[in-house]
Colleague: 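Let me begin by handing over the structure; questions about it come next.
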Amino acid sequence: MNISFKDSFLALLPGHGRRTATSIRRAVNGGAVDEAFRLIDESHAELLDDRQTLQAVESALRHLESGAQAEPTASPEPGDTFIGPLAARLGIRPATLRKWERAGLVRPRRDPRTGYRVYDEAAARDARLAHQLRRGGHLLERIAPLIAQVRAAGGLAPLEDALGDWHHRLTARGRVTPAGAAELETYLRERG
């Protein structure tokens, strides 16, 4: 079975994307086969990281959906809470919530009379989601876009389709990635 380099390159595209597949092609053409395999390994690690992120997001969302609603606290409107009680419920310090606010993860409003931070249901949800993802080891920079998606979607329920699509894309990529590596290995073996 003769496999052309073009065929092996085309087999790499779906699993690794154009940029990585092109880098792999350049490495092989330049005789840097070890570099090509390093790029493939790096792409596999990214896929694993994406899977772990998806699992963390799904776990965090399940936790949020099954979690009890915030306990009532003295606040301007029913369901709202202040920074101290929310931090206590999450098991974090108020300073952490202030840091998350600076990073754009939570958006409490300010009480016009006192200037205190007031977390409505959506802001408390964002804080709980950020907390779950931070516990999973995710950086604030990676959490911010997810929380922005939750806000844009109008809550957690609309994200189910997006998470399903994400899961499907990761599965599809995971299925084609080994095939691309196998095509490249066959090409390299035949090339000698």
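From a predicted model like this one, the values you see are computed outputs, not experimental measurements.
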Colleague: If you count heavy atoms of other groups shown closer than 6.0 angstrom to CZ of R38, is the number above 12?
Modeller: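 Buried by this count: over 12 neighbours within 6.0 Å.
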
Colleague: Closer than 4.0 angstrom, basic N to acidic O: yes or no for D80 and R117?
Modeller: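 Looking at D80 and R117, the cut-off is not met.
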
Colleague: Quick one: closest heavy-atom pair of R134 and L139, and the distance?
Modeller: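 Answer, listing the atom of R134 first, then L139: NH1-CA, 3.7 Å.
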
Colleague: Would you say the side chain of W100 lies within less than 4.5 Å of the side chain of L140, judging by non-hydrogen atoms?
Modeller: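 When only atoms from C-beta onward are counted, W100 and L140 do touch, with a gap below 4.5 Å.
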
Colleague: Within the 4.5 Å heavy-atom criterion, are I24 and L184 side-chain neighbours or not?
Modeller: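 They are in contact (side-chain heavy atoms under 4.5 Å apart), so the answer is yes.
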
Colleague: Crowded around D34 CG? As in, over 12 foreign heavy atoms under 6.0 Å?
Modeller: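 At most 12 heavy atoms, drawn from other residues, nucleotides or ligands, come within 6.0 Å of this atom.
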
Colleague: Measure across V106 and A123 and return the closest heavy-atom pair with its distance rounded to 0.1 Å.
Modeller: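 Heavy atoms of V106 and A123 come nearest at CG1-O, 4.0 Å.
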
Colleague: If we only count heavy atoms from C-beta on, is the Y116 to I83 side-chain gap below 4.5 Å?
Modeller: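 No. Closest side-chain heavy atoms not under 4.5 Å.
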
Colleague: Can you tell me how far the CG atom of D41 sits from the CZ atom of F37, to the nearest 0.5 Å?
Modeller: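 Those atoms lie 9.0 Å apart.
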
Colleague: Please say whether more than 12 non-hydrogen atoms of neighbouring residues, nucleotides or ligands are located less than 6.0 Å from CZ in R19.
Modeller: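 Atom CZ in R19 is not packed in, count stays at 12 or less.
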
Colleague: Quick check: do T81 and R89 have side-chain heavy atoms less than 4.5 Å from each other?
Modeller: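 SC-SC contact between T81 and R89 confirmed.
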
Colleague: State, with a plain yes or no, whether a side-chain heavy atom of V28 is found less than 4.5 Å away from one of Y187.
Modeller: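 Heavy-atom side-chain distance check passes, below 4.5 Å.
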
Colleague: Of all heavy-atom pairs between E35 and A27, which one has the smallest distance, and what is that distance?
Modeller: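 Taking E35 first and A27 second, the nearest heavy atoms are CG-CB, 4.0 Å.
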
Colleague: Report yes if the side chains of R107 and R151 come closer than 4.5 Å at any heavy-atom pair, otherwise no.
Modeller: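 A side-chain contact under 4.5 Å exists here.
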
Colleague: Indicate yes or no: at least one non-hydrogen side-chain atom of R110 is less than 4.5 angstrom from one of V118.
Modeller: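 A side-chain contact under 4.5 Å is absent here.
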
Colleague: Would you name the heavy atoms of L90 and H131 that are closest together and state the gap between them?
Modeller: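 Result for this residue pair: O-NE2, 3.0 Å.
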
Colleague: Would you indicate whether the side-chain heavy atoms of Y119 and L97 approach each other to under 4.5 Å?
Modeller: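 A side-chain contact under 4.5 Å exists here.
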
Colleague: Are D50 and R173 within salt-bridge range, i.e. N to O under 4.0 Å?
Modeller: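 Result for this pair is yes, salt bridge flagged.
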
